[in-house]
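Inspection log for the structure reproduced underneath, given as structure tokens.
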Amino acid sequence: MQLQGKTAFITGGGGGIGGGMAQAFAEKDMKIILADIDLDLAESQAAAFGDRAMAVQLDVTSLQSWGAAHETVRSRFGAVDILCNNAGISSPRMPLDQMPPELFARVMAVNVTGVYNGLVTFVPGMRAQRSGHVVNTSSINGLLAHGSLAAYSASKFAVDGLSEALRDELAPSGIGVSVLYPGLTRSRMSLSRSSGADINEIPREVLEANMMDPIWVGRAVATAIEENSPHIISHPAYLPALKARFERIIGAFGEPAQPGYRTGASATKAAR
């Protein structure tokens with residue numbers, strides 16, 4: 001997709017990765033909508049881009065809030081070409097069985113249902129114009145699960161699966177889908193999670209020194225949209241751990257649980 005002149009709607013646009021996306025899109029001469037539950041933060045980000053940008057308040061868990069934001073954006077900028085479902089929350093590190101149910105539900109509501117709400121709000125318009133692109137922010141934690149972050153990892157694995165299925169669904173309509181798996185990036189969420197030593201007792205100052213600048217993640221997103229890439233990996237240092245995980249999964253494949261059982265397209269065809 002050629003980005004110049006296109007319009008992008010970014011959730012979690014009040015800073016961090018959302019702000020990095022906005023900077024990268026501004027470099028491409030795009031129109032930008034920065035949506036955030038904290039309107040002041042979104043307005044502060046939008047002010048840097050002048051008339052090409054606007055801020056809207058958005059609670060991603062509320063379809064009513066999405067509808068209001070959609071109407072506001074349409075009245076000023078018209079159709080949205082690119083939807084970036086980037087808003088997300090983490091949770092304190094704790095064993096899953098000790099997590100309060102309301103906190104687990106909140107993580108899922110923002111990180112998973114919030115993505116669904118964005119899709120049902122904007123994808124119908126993309127289908128009608130037979131063009132567009134969706135970027136859903138997962139996480140390296142959506143590829144590599146970590147103890148004490150089970151709820152967050154579960155939500156980000158869900159975004160990964162949702163995105164890959166959605167890509168197949170939307171391809172016939174000329175709409176691309178990419179899923180972003182950022183590692184440690186400077187943002188409000190990352191800074192709050194590094195308020196003390198992490199699970200491996202890495203000091204806060206070391207964590208913060210190793211946080212990627214969000215503009216580089218944003219530029220990787222812009223390139224992925226241009227190339228219609230399905231996956232966006234900004235932190236390749238996780239590759240060995242991911243290979244090890246996939247090798248364990250592949251190693252679990254062997255003989256079927258039921259002796260003589262055949263499955264798959266060829267077996268189904270032969271049984272007819």
Side-chain angles (χ1 to χ4, degrees), residues 1-4 6-28 30-36 42 45 53 58 60 66 69-70 73 77 79-88 110-127 129 131-143 155-171 173-183 185 187 189 212 214-235:
M1 173 184 282
Q2 181 64 245
L3 295 184
Q4 186 175 11
K6 296 294 194 298
T7 300
F9 186 102
I10 307 167
T11 70
I17 292 173
M21 290 180 187
Q23 287 180 268
F25 293 162
E27 291 174 350
K28 298 289 185 176
M30 296 173 62
K31 291 175 284 188
I32 307 156
I33 301 100
L34 292 161
D36 202 286
Q45 289 286 319
L58 176 68
V60 295
W66 274 99
H70 188 200
V73 169
F77 284 150
V80 165
D81 303 292
I82 296 161
L83 169 65
C84 296
N85 282 311
N86 173 70
V110 174
N111 294 359
V112 183
T113 305
V115 172
Y116 165 82
N117 287 343
L119 297 172
V120 298
T121 300
F122 283 104
V123 166
M126 294 182 185
R127 284 190 187 272
Q129 65 192 25
S131 68
H133 201 98
V134 176
V135 178
N136 294 327
T137 299
S138 177
S139 168
I140 284 295
N141 287 291
L143 294 171
S155 72
K156 293 304 186 178
F157 268 79
V159 171
D160 181 15
L162 180 155
S163 300
E164 293 201 11
L166 185 71
R167 184 175 172 89
D168 286 346
E169 292 176 5
L170 296 183
S173 298
I175 303 166
V177 178
S178 303
V179 56
L180 169 64
Y181 307 93
T185 305
S187 67
M189 184 171 71
M212 186 175 287
I215 181 59
W216 295 104
V217 179
R219 287 170 179 159
V221 169
T223 298
I225 297 171
E226 290 174 326
E227 298 176 355
N228 192 22
S229 303
H231 304 113
I232 310 167
I233 303 290
S234 55
H235 293 63

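Worth knowing before you read on, the calculation uses all heavy atoms, side chains too, and leaves out hydrogens, waters and symmetry mates. The first residue of the sequence shown is numbered 1, and numbering continues consecutively from there. Remember, predicted model here, so these are calculated numbers, not experimental data.
- Looking at heavy atoms from C-beta onward, Thr137 lies out of side-chain contact with Val159 at the 4.5 angstrom threshold.
- Across all their heavy atoms, Ala224 and His133 have their closest contact at O-CE1, 4.4 Å.
- Trp66 places no side-chain N or O within donor-acceptor distance of the main-chain N or O of Leu58, the cut-off being under 3.5 Å.
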Check residues 227-234 and write down every donor-acceptor pair under 3.5 Å in which the side-chain atom is one partner and the other belongs to a residue at least two apart or another chain.
from	atom 1	to	atom 2	distance (Å)
Asn228	OD1	Arg167	NH1	3.1
His231	NE2	Glu164	OE2	3.0

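- Ring-plane geometry between Phe122 and Phe9 is classed as tilted, the angle between the planes lying from 30 to 60 degrees on a 0 to 90 degree scale.
- In this structure, Leu3 and Met30 approach most closely via the heavy-atom pair O-CG, 3.0 Å.
- Side chains of Val221 and Ser178 form no contact here, defined as non-hydrogen atoms less than 4.5 Å apart.
- No side-chain heavy atom of Val60 sits under 4.5 Å from any side-chain heavy atom of Asn117.
- Listed here is the closest heavy atom pair of Val112 and Ala158: CG2-CB, 3.9 Å.
- Going from atom NZ of Lys6 over to atom CD1 of Ile82 covers 7.5 Å, rounded to the nearest 0.5 Å.
- Of all heavy-atom pairs spanning Thr7 and Ala79, the tightest one is CB-O, 3.7 Å.
- With a 4.5 Å cut-off on side-chain heavy atoms, Leu170 and Met126 do not count as touching.
- Closest heavy-atom contact between Met212 and Val217: SD-CG2, 3.7 Å.
- With values rounded to the nearest 0.5 angstrom, Ile33 atom CD1 is found 10.0 Å from Cys84 atom SG.
- Across Leu34 and Ala22, no two heavy atoms sit closer than the pair CD2-CB, 3.6 Å.
- The distance from atom NZ of Lys156 to atom CG of Asn141, rounded to the nearest 0.5 Å, is 9.5 Å.
- Annotation: Tyr116, atom OH; neighbour count of heavy atoms from other residues, nucleotides and ligands within 6.0 Å does not exceed 12.
- We find the CE-CD1 distance between Met21 and Ile32 to be 12.0 Å, quoted to the nearest 0.5 Å.
- Separation of atoms CD (Gln2) and CD (Glu226) is listed at 6.5 Å; rounding is to 0.5 Å.
- Rounding to the nearest 0.5 Å places CG of Asn86 at 9.5 Å from CG of Asp36.
- Ile215 is linked by a side chain to side chain contact (heavy atoms under 4.5 Å, CB included) to Gln23, Ala24, Glu27, Asp213, Arg219, counting only residues two or more places apart in sequence or in another chain.
- Of the possible donor and acceptor atoms, none in the side chain of Ser173 sits under 3.5 Å from a partner among the backbone N and O of Ala171.
- No option in Val115, Val179, Val177 other than Val115 meets the side chain to side chain contact (heavy atoms under 4.5 Å, CB included) test with Leu162.
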